[in-house]
Amino acid sequence: MARFALVDCNNFYVSCERVFNPTLVGRPVIVLSNNDGCAVARSNEAKALGIGMGAPVFTLEALLKKHDVAVFSSNYALYGDMSRRVTITLGQLVPDLEVYSIDESFLDLSAFRAADVPRLCRTIAQTVTQDTGIPVSVGVGPTKTLAKVATGFAKKCPSLGGVCDICDPVWHERALAATPAGKVWGVGRRYAEFLKVRGINTALDLAKADRAMIRKRMGINGTRIMDELSGISCYPLEANPPTKKGVGVSRTFVRGIDDLRELREALSSYAERAAEKLRKDGLRAGAMEVYAMSSRFRKDDFYYNTATFRFPTTTSDSPEIIKGALEAFDTIYRENTPFKKLGVHMRELTREAAEQQLLFDTMDRTRASALMKTVDALNTSMGRRTVGYASSGLAASRLAPKAWHTRFNHKSPSYTTRWDQLLRVT
DNA sequence: TCTGGGGTCCTAGGACCC
DNA sequence: TCTGGGGTCCTAGGACCC
């Protein structure tokens, strides 16, 4: 029988902050999205206060003050580095590993004896916490979906010591009966509503539901969820992640912006960033989509538009991508519209290979590629945007901050990735 | 007033072709 | 009134994930 484990870091962003600031342990702590907009991670104490996932900060202000909640902006450099450390530790303990997200990894434990699995999982949890400072929960089941279900119990029931194995059929069925259908992996808000109307309330109800009905309403994934819940594995472990289908960069502004020069500057910087991401992954794009929108919370006057730009040949060249993005944006820009979000999305990605020769090319691609390599090397060794493009704007001063810059008013130091921000023990 | 970012997959429908 | 049948490609929209 197949056996999967899911290792899930508890309240990951909050736990990262706590590693370097132990005074936060036992306190309610939340970490915010970009622009300090929403709560995207909450400690158990913060969850107990009723702070929901994605709750807008402006609706929480009284609560945060009353309970002295510690508030942090997202520190992606810190979380990314801590995630890498967790992955390294796991890689040393098991042979087959799929990094599923920044805070979750699937393990294939099929090769281990059933009786040894609980002990192995406790060792994994203890080792990760010891080596990285991040507490984790481990769930085990015959499919990925069931491993997810098990992780839910590992988190909820402290008596389990952070590990829950539901491979045993008795525990398997009990766990499904105690899991709301809406908590199942792949069942979101919409499907949960639909299932409720049909009287399907628990994961067990879903596993035994009318297959044709589920197929019709939820598509092929619906029946896969049913199979997975019944112990039939549909999603194998993906040790080697497939190449990306797209690469996107987008940002929301703190307030609406209608000034064309500012918008072009913001978009240029996103295009530049997207080009960097392509080169980092060894990819090139054949086409690019540029999109712009006003506030989606102003339903009466919502503006959204996209434009596609096709490159003469696949490219990861910053100037070419910036130029294309600005050209596409000019076709969707609308005057007197308070734009809240701009983005670029690179599509039709191919692996980087020898330079494609166009019969009548307007640029020397070999030289351009060498220049990009130099730019990337400088920015890697000396910090992001050591060299960049003027179209993306010059560095903002404290006197002249950019309206489109993202707000991070509560950011902790990048303890692990910046020499000048190392933790000082005095 | 203020409400993130980066992805994936599936499905339906239209255009077009033979 | 009758009014093919596939196949492909593309796009838009919907749903989900962390």
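Both backbone and side-chain heavy atoms feed into the values below; hydrogens, waters and symmetry mates do not. The model shown is predicted, which means the values in this text are computed figures rather than measured ones. So you know, we letter chains A, B, ... as the sequences are listed, proteins then strands, and number each from 1.
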Contact pattern, 5' to 3', of nucleotides 1-13 of chain B - B, S or - by protein heavy atom under 4.0 Å: -BBBSSSSSSS--
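Taking atom P in both B:dT3 and C:dC18, one finds a spacing of 24 Å when rounded to whole Å.
One interatomic measurement links the two molecules: NZ of A:K183 to P of C:dC16, which rounds to 14 Å at whole-angstrom precision. Protein atom CG of A:N11 is 14 Å distant from nucleotide atom P of C:dC18, rounded to whole Å. Note: CD1 (A:I225) to P (C:dC17) measures 8 Å, nearest angstrom.
Less than 6.0 angstrom separates the ring centroid of A:W185 from the ring centroid of A:F106.
Here the side chain of A:S233 pairs no donor or acceptor atom with the backbone of A:T143 at under 3.5 angstrom. When atom types are taken as modelled, the side chain of A:N75 and the backbone of A:L78 share a donor-acceptor pair closer than 3.5 angstrom.
Among the atoms of the strands shown, only primed sugar atoms or phosphate atoms (P, OP1, OP2) are found under 4.0 Å from some heavy atom of A:V184.
Of the listed residues (A:N10, A:D8, A:T151), just one forms a side-chain hydrogen bond (donor to acceptor under 3.5 Å, both in side chains) with A:S137, and that residue is A:N10.
Side-chain N/O atoms of A:E17 and A:Y79 include a donor and acceptor closer than 3.5 Å. For A:E320 and A:T315, the side-chain atoms include at least one donor-acceptor pair closer than 3.5 Å. For the residue pair A:S392 / A:S269, no side-chain donor-acceptor distance below 3.5 Å is found, with atom types taken as modelled.
DNA chain C contains the following stems of three or more consecutive Watson-Crick or G-U pairs, with both distances under 3.5 Å: B:5-18 with C:5-18.
Of the side-chain N and O atoms in A:K148, none sit less than 4.0 angstrom from OP1 or OP2 of C:dC16.
Applying the side chain to side chain donor-acceptor pair (under 3.5 Å) test to residues at least two apart or on different chains, the pairs with a partner in residues 236-249 of chain A are A:K244-A:D281.
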